[in-house]
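Report on the following structure.
The chain is numbered in sequence order, starting from 1. For ligands, and for the atoms within them, numbers begin at 1 and follow the listed sequence. These values consider heavy atoms only, across backbone and side chains, with no hydrogens, waters or symmetry-generated copies.
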Amino acid sequence: MLLRPALPTDVDLLTDLVVEAVNWTGEQRVTVADVRTDDHLARYVEGWGRPGDVGVVAVGDAGEPLGAAWVRLLTADRAGWGFVAEDVPELSLGVLAPGRGLGAGSALLDACLDAVRAQGSRAVSLSVEDGNDLARGMYERRGFVVVGREGGSDVLLLDLATSTTPAGRQKV
Ligand SMILES: CC(C)(COP(=O)(O)OP(=O)(O)OC[C@H]1O[C@@H](n2cnc3c(N)ncnc32)[C@H](O)[C@@H]1OP(=O)(O)O)[C@@H](O)C(=O)NCCC(=O)NCCS
């Protein structure tokens with residue numbers, strides 16, 4: 001597996017991964033068409049590549065995309081479910097089903113946090129739904145703490161000034 005920066009041409013992959021993130025239970029709650037047309041879902045990916053967008057894509061041995069982690073700055077009037085502040089980017093994470101359980105998600109999350117740290121952000125936020133314990137555990141082990149509640153999800157925040165980068169990871 002290789003990690004590389006997420007490019008504007010990755011917008012379709014990121015769209016697929018928003019679907020995966022919302023449908024994490026396995027239930028088909030949303031489709032790709034929903035992500036393209038629903039204002040709230042679309043704001044995570046529309047026009048990917050604008051200033052402040054930072055992401056990492058995992059690619060398999062045959063060049064196939066495995067998943068991605070990315071952050072985007074959102075505004076209070078078009079906030080995400082994990083919105084905390086306009087200067088705190090919100091993180092999204094997903095691995096396509098065939099590539100799960102092999103460490104891609106962890107590598108993506110760590111590499112994306114490194115990239116956000118390098119960009120100079122003070123913190124990263126996200127939303128994790130009740131019951132998504134695999135994802136929640138990943139975030140908590142990296143120092144994310146609950147700072148809010150939105151529907152059936154917690155809003156988590158990682159303070160990048162106090163958290164550290166684990167050693168020995170693959171660089172993007
Ligand atoms: C959550 C998700 C990104 C994890 O990616 P993955 O590649 O399958 O996971 P990994 O193999 O990298 O393992 C992730 C972590 O779970 C742990 N883990 C893996 N299998 C586990 C299991 N059966 N039980 C407990 N922990 C487990 C790993 O040790 C790892 O922990 P670490 O990062 O602290 O070291 C992926 O399952 C996914 O895309 N799910 C659907 C979308 C989603 O839920 N996105 C997050 C929305 S908030």
**OP:** Decide yes or no on salt bridge (Lys or Arg N to Asp or Glu O under 4.0 Å) for Arg149 and Asp154, but give the supporting numbers first.
**Re:** CA-CA 5 Å; Arg149 184 81 185 155; Asp154 281 337; 2.8 Å; yes

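- Close N/O approach between Gly101 and ligand 1 is found [any backbone or side-chain N/O within under 3.5 Å].
- Close approach of ligand 1 to Glu20 is summarised as follows: ligand atoms under 4.0 Å from at least one heavy atom of the residue are 41 (C), 42 (C).
- The shortest heavy-atom distance from Arg142 to ligand 1 is under 4.0 Å.
- At a heavy-atom distance under 4.0 Å, only side-chain atoms of Asn132, from C-beta outward, approach ligand 1.
- With a 4.0 Å cut-off on non-hydrogen atoms, Leu134 touches ligand 1 through its side chain and not its backbone.
- The closest approach between a heavy atom of Ala21 and any atom of ligand 1 is below 4.0 Å.
- At least one heavy atom of Ser127 sits under 4.0 Å from some atom of ligand 1.
- Among the atoms of Leu93, some N or O lies under 3.5 angstrom from an N or O of ligand 1.
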Side-chain donor/acceptor pairs under 3.5 Å, residues 12-22, sequence neighbours excluded:
residue	atom	partner	partner atom	Å
Asp12	OD1	Arg36	NH2	3.3
Thr15	OG1	Val11	O	2.7
Glu20	OE1	Arg100	NH2	2.7

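- The shortest N or O to N or O distance between Ala135 and ligand 1 is not under 3.5 Å.
- The atoms of ligand 1 that sit less than 4.0 Å from any heavy atom of Leu102 are 11 (O).
- Residue Gly94 has no nitrogen or oxygen atom sitting less than 3.5 Å from a nitrogen or oxygen atom of ligand 1, judged on distance alone.
- Contacts with ligand 1 closer than 4.0 Å are made by side-chain heavy atoms of Arg141 only, the backbone lying farther away.
- In Tyr139, the part holding a heavy atom less than 4.0 Å from any atom of ligand 1 is the side chain.
- Every residue two or more places apart in sequence or in another chain was checked for a side-chain hydrogen bond (donor to acceptor under 3.5 Å, both in side chains) with Asp61, and none qualifies.
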